[in-house]
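Residue numbering restarts at 1 for every chain, and letters A, B, ... go by the order of the sequence lines.
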Protein chains: 2
Amino acid sequence: MGYNLKEIPFFSKMSEENIKRLSSISFFKKYHADELLFYEGDEPKYLYILLDGVLRLYKTSPKGQEIYIHQFVPTSMIGELANFENIKFPASAKFITSGTILKIEYKKLEEDFFKNPEICMQIIRSLTTKVKILSNVIHQEMILTSEAKVAQFINEHSELFENIRNNQIAAILNVSPETLSRTLGKLKKDGIISIDKKHAVTIHDTEALKILYS
Amino acid sequence: MGYNLKEIPFFSKMSEENIKRLSSISFFKKYHADELLFYEGDEPKYLYILLDGVLRLYKTSPKGQEIYIHQFVPTSMIGELANFENIKFPASAKFITSGTILKIEYKKLEEDFFKNPEICMQIIRSLTTKVKILSNVIHQEMILTSEAKVAQFINEHSELFENIRNNQIAAILNVSPETLSRTLGKLKKDGIISIDKKHAVTIHDTEALKILYS
DNA sequence: CGATACATTGAACAAATTCAAAGCTGGTGG
DNA sequence: CCACCAGCTTTGAATTTGTTCAATGTATCG
């Protein structure tokens, strides 16, 4: 498969013996773009380590629209909460690109490894990251207006405009393409940004953008 | 003060020696109702253990309104994220009732106790709880409509109506009192619930309520 | 009992989505 | 190479969901 447990940052400090045990309760699996890793409401069975690819976490509204939560990049631990608490997954996850996952049988991991302080620290780190992610989602969705979200996104990820369409940016920001279009229009009209033929953004007034979201 | 570190569930299994060390880097403090424990944007210094009272976590919108996140009851660990990541508090916390907090100097805790598996497990448990809380907040605020929020609240906390005013329930649900009033009115009209003189709710049709939020 | 806070109701307002139509664009096959 | 067309983007209008405002009615607690 080309992957080795020793090379995974989470387990790099692990003893040979533990690596062997870990390899006996886990396996690698490849996924292609658009493939689902798990669906909101699924029962958890594996702890996932994302080794390659981009994985999008999202919820589905009653009307069927995807609500973007986060995109994970390697190396990330995924699914601790649902496994830990033995609750159904509160969100869905699908691959945006092709990718690779290490699937670890959670029950056995729990039996064998939870006394291992190194593993505990990794789990703490991963949980901390999640709390931060969710805390940010709450801030963005409950505190910021659409304009504020767009302004923040431009300041923090302006380079992405060259690579992805407004379409996808709107999905990431959880606003409609129309709202994004109108907001970008307004920012251009106000001389705060401009967008060239290649869809690259130039920021003329970083401070003005910052004011919009702080 | 009437409090003893040994009696705090988080530390009940700790050795005498560690308890002594812990007591040297921590102290108890009483708070009265409405007092702030920390404010959004504050730099963290202490890890907090809520021993008594009800503590409300909330964010403040640009327009100055409080957005309810959660209410903690004893015994809860509070502030791990901000301390761990050394970031400013992403929300504010104030006491709803009077209460007591154990304040632990975080830096020293980190030095001394992070190798202690028992402490690690407590931190993991606390972080897991937080992820669940935030995950629920996201579900409630981004997925559910006002009606759905009210329906869920009634099914899960109908007993609270006898004790607190619609006013406060609206604040907990992050809806305006007017919206709550109108929604309750609708549910009464539809014969799903009724509310008596004592402000106690009777549910006539649990299933109808459930459908509204699932 | 009376003042003050809380609840209810209707109307106006706000923010963003949805719908619809028209204008662009950029990747593909000829 | 370029013409085409499906999929974006843009724009305006209508709609939706809930808040805010205002007025009136009703509890509640010294």
Side-chain angles (χ1 to χ4, degrees), chain A residues 34 58-68 139-154 160-190 193-201 212-213, chain B residues 33-34 59-68 139-154 160-190 193-201 212-213:
Chain A
D34 286 333
Y58 64 96
K59 287 177 78 83
T60 307
S61 81
K63 290 171 207 148
Q65 75 173 307
E66 287 183 11
I67 294 168
Y68 176 101
H139 189 83
Q140 279 166 34
E141 299 301 321
M142 298 177 64
I143 305 289
L144 301 185
T145 62
S146 289
E147 186 183 61
K149 288 200 270 183
V150 173
Q152 186 181 46
F153 187 87
I154 292 171
L160 284 181
F161 278 81
E162 279 174 90
N163 304 318
I164 63 179
R165 296 206 202 277
N166 284 355
N167 212 358
Q168 282 305 305
I169 293 172
I172 290 172
L173 291 175
N174 290 320
V175 300
S176 68
E178 293 92 335
T179 297
L180 177 61
S181 171
R182 286 186 249 265
T183 307
L184 291 174
K186 185 176 172 297
L187 295 176
K188 283 186 273 188
K189 189 170 65 66
D190 293 351
I193 62 167
S194 55
I195 299 182
D196 65 20
K197 281 277 163 106
K198 292 187 188 334
H199 204 238
V201 169
L212 290 177
Y213 63 88
Chain B
D34 286 332
K59 288 178 77 83
T60 306
S61 81
K63 291 170 205 148
Q65 75 175 306
E66 285 183 12
I67 294 168
Y68 176 101
H139 190 84
Q140 279 166 34
E141 299 300 321
M142 297 176 64
I143 305 289
L144 301 185
T145 61
S146 290
E147 186 182 60
K149 288 199 269 183
V150 173
Q152 185 180 48
F153 187 85
I154 292 171
L160 284 180
F161 278 81
E162 280 173 89
N163 304 318
I164 62 179
R165 296 208 207 280
N166 283 355
N167 212 358
Q168 281 306 304
I169 292 172
I172 290 172
L173 292 175
N174 290 322
V175 300
S176 67
E178 292 92 335
T179 296
L180 178 60
S181 171
R182 286 186 248 263
T183 307
L184 290 175
K186 184 175 174 298
L187 296 176
K188 283 187 273 188
K189 189 169 67 62
D190 294 352
I193 61 166
S194 55
I195 299 181
D196 66 18
K197 281 278 161 101
K198 292 186 189 332
H199 204 239
V201 169
L212 291 177
Y213 64 86

Check the distance between [N]'s [atom2] and [X]'s [atom1] and give it to me in whole angstrom.
X: E162(A); N: dG26(C); atom1: CD; atom2: P; answer: 14 Å
X: N167(B); N: dA5(C); atom1: CG; atom2: P; answer: 12 Å
X: M142(B); N: dT17(D); atom1: CE; atom2: C1'; answer: 16 Å
X: K63(B); N: dG18(D); atom1: NZ; atom2: C1'; answer: 11 Å
X: E147(B); N: dT17(D); atom1: CD; atom2: C1'; answer: 12 Å
X: I143(B); N: dT17(D); atom1: CD1; atom2: P; answer: 15 Å
X: K149(A); N: dT17(C); atom1: NZ; atom2: C1'; answer: 12 Å
X: Q168(A); N: dG7(D); atom1: CD; atom2: P; answer: 14 Å

Under 30°, 30 to 60°, or over 60°: which ring-plane class applies to F153(A) and F161(A), parallel, tilted or perpendicular?
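Rings of F153(A) and F161(A): perpendicular, over 60°.
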Go through the steps to decide whether I172(A) and I164(A) satisfy the test side chain to side chain contact (heavy atoms under 4.5 Å, CB included), and finish with yes or no.
CA-CA 11 Å; I172(A) 290 172; I164(A) 63 179; 4.1 Å; yes
Side chain N174(A), main chain Y68(A), donor-acceptor under 3.5 Å
yes
Of all the choices, dT18(C), dA7(C), dT9(D), which nucleotide is nearest to the side chain of Q65(A) once you look at every atom?
dT18(C)
So, with a heavy-atom separation below 4.0 Å from DNA chain D, the residues of residues 172-184 of chain B are N174(B), V175(B), S176(B), E178(B), T179(B), R182(B)
Please lay out, stage by stage, how K188(A) and I193(A) fare under the test side chain to side chain contact (heavy atoms under 4.5 Å, CB included).
CA-CA 5 Å; K188(A) 283 186 273 188; I193(A) 62 167; 4.0 Å; yes
Using side chain to side chain contact (heavy atoms under 4.5 Å, CB included), reason through V150(A) and L212(A) one step at a time and then give a plain yes or no.
CA-CA 9 Å; V150(A) 173; L212(A) 290 177; over 6 Å; no
Ignoring hydrogens, what is the shortest heavy-atom contact between L173(A) and E141(A)? Give both atom names and the distance.
O-OE2, 3.7 Å
